[in-house]
2 protein chains.
Amino acid sequence: MRVLGIDPGLTRCGMGVVEGSIGRPLGLVDVGVVRTSAGIPVPERLVTIERGVDAWLDEHTPDAVAIERIFARSDVSTIMGTAQAAGIAMVCAARRGLPVALHTPSEVKAAVSGNGRADKAQVGAMVTRILRLDAMPKPADAADALALAITHIWRGGSQSRIEAALAASRTTPARTTSARTSVRTPVRRGGAR
Amino acid sequence: MRVLGIDPGLTRCGMGVVEGSIGRPLGLVDVGVVRTSAGIPVPERLVTIERGVDAWLDEHTPDAVAIERIFARSDVSTIMGTAQAAGIAMVCAARRGLPVALHTPSEVKAAVSGNGRADKAQVGAMVTRILRLDAMPKPADAADALALAITHIWRGGSQSRIEAALAASRTTPARTTSARTSVRTPVRRGGAR
């Protein structure tokens with residue numbers, strides 16, 4: 001399966017596409033950042049993020065989108081913008097009928113490094129090893145986005161399946177996910193926009 | 001000018017359209033609520049809100065959108081959804097090039113009742129008097145949305161003008177706002193969806 005990981009933020013949204021399946025080598029498809037300038041009003045910054053996420057979805061047609069779960073207890077000065085960027089990313093994915101999963105920072109750290117309290121450098125180093133890259137993806141938001149995508153594949157998309165099952169048991173019709181299990185040749189490796 | 005006020009929320013987004021200008025009677029154009037079910041995943045709820053806001057913008061073609069400013073210190077259990085609903089509303093407006101203004105709850109309370117600490121009942125009663133309605137708009141989210149629109153008109157859209165001036169002084173080209181100053185006949189009065 002191909003997963004777009006998104007580390008949301010108003011100034012920088014990390015974007016990382018990873019392809020593969022549990023128990024097989026994972027491959028980097030693309031990594032980069034959607035940036036917005038602090039000099040323009042928030043509504044227009046959110047539109048820029050929307051366009052950026054849509055462009056990544058158009059180009060890479062992922063099977064699922066994994067977004068960092070935002071908590072109210074995070075840094076208060078940026079939390080509103082981060083929450084809103086995450087919301088826009090969710091809308092972009094949901095509009096296309098793509099499954100959206102939210103993973104907490106500690107789930108991501110635990111998945112890629114075995115330690116839920118790993119620091120950014122450790123996460124970046126593990127992402128570099130797991131995807132067999134020549135260098136650590138930069139900035140940290142880009143590496144974190146790849147870690148989110150890796151986490152999603154390794155957790156087997158279980159959250160999406162649980163949510164789909166719950167949704168199906170309610171009024172909403174269930175969605176079928178076309179999870180591709182074959183590992184494709186990475187389109188780009190180590191490429192950054 | 002015609003203003004769409006939005007009291008954002010994941011379960012209920014209050015929507016209220018008011019028309020008029022400073023020093024002249026204001027008129028209700030429409031009031032209602034965009035609802036989403038707690039039983040469906042958040043990304044789909046946000047898409048429902050997006051469609052709802054777009055439908056109100058299509059129908060009423062406001063000159064500006066006034067949204068409640070969300071603070072991180074608010075109720076933590078619902079703050080993320082509220083912030084995301086506000087973000088979606090901002091995107092819907094900004095995509096159309098509409099000015100977006102954020103007003104705090106105390107600014108709204110002070111504008112419509114003269115008291116920044118007024119309770120919901122006082123705000124609702126003042127909205128009813130200001131717009132010469134037969135009954136208080138319900139639910140409270142709908143009344144709050146009208147209060148936001150009234151606040152925006154009475155504050156003279158000063159925040160939008162300041163932001164537009166600041167934006168023009170930076171790299172972004174300034175936007176012209178087609179503020180209609182004539183008071184039109186209200187399309188609907190006391191109508192709720």
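Within every chain, numbering begins at 1; the chains are lettered A, B, ... in the order of the sequence lines, protein sequences first and strands thereafter.
Residues passing the side chain to side chain contact (heavy atoms under 4.5 Å, CB included) test with A:Ala118, sequence neighbours excluded: A:Lys109, A:Ser113, A:Asn115, A:Gln122, A:Val123.
Between the side chains of A:Thr11 and A:Arg45, at least one donor N or O sits under 3.5 Å from an acceptor N or O.
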Show the numbers, then the answer: is there a side chain to side chain contact (heavy atoms under 4.5 Å, CB included) between A:Val100 and B:Glu44? CA-CA 10 Å; A:Val100 178; B:Glu44 290 169 42; over 6 Å; no
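Interface residues of residues 83-92 of chain A toward chain B, defined by a heavy-atom distance below 4.5 Å and sorted by number: A:Ala83, A:Gln84, A:Ala86, A:Gly87, A:Ile88, A:Met90, A:Val91.
Under the 4.5 Å side-chain heavy-atom criterion for ILVMFWY residues, a single connected hydrophobic cluster contains both B:Ile153 and B:Val31.
Between B:Met15 and the choices B:Val33, B:Val53, B:Asp30, the side-chain contact (heavy atoms from CB on, under 4.5 Å) rule is met once, by B:Val53.
Across all non-hydrogen atoms, the minimal contact from A:Gly9 to A:Ile49 is O-CD1, 3.6 Å.
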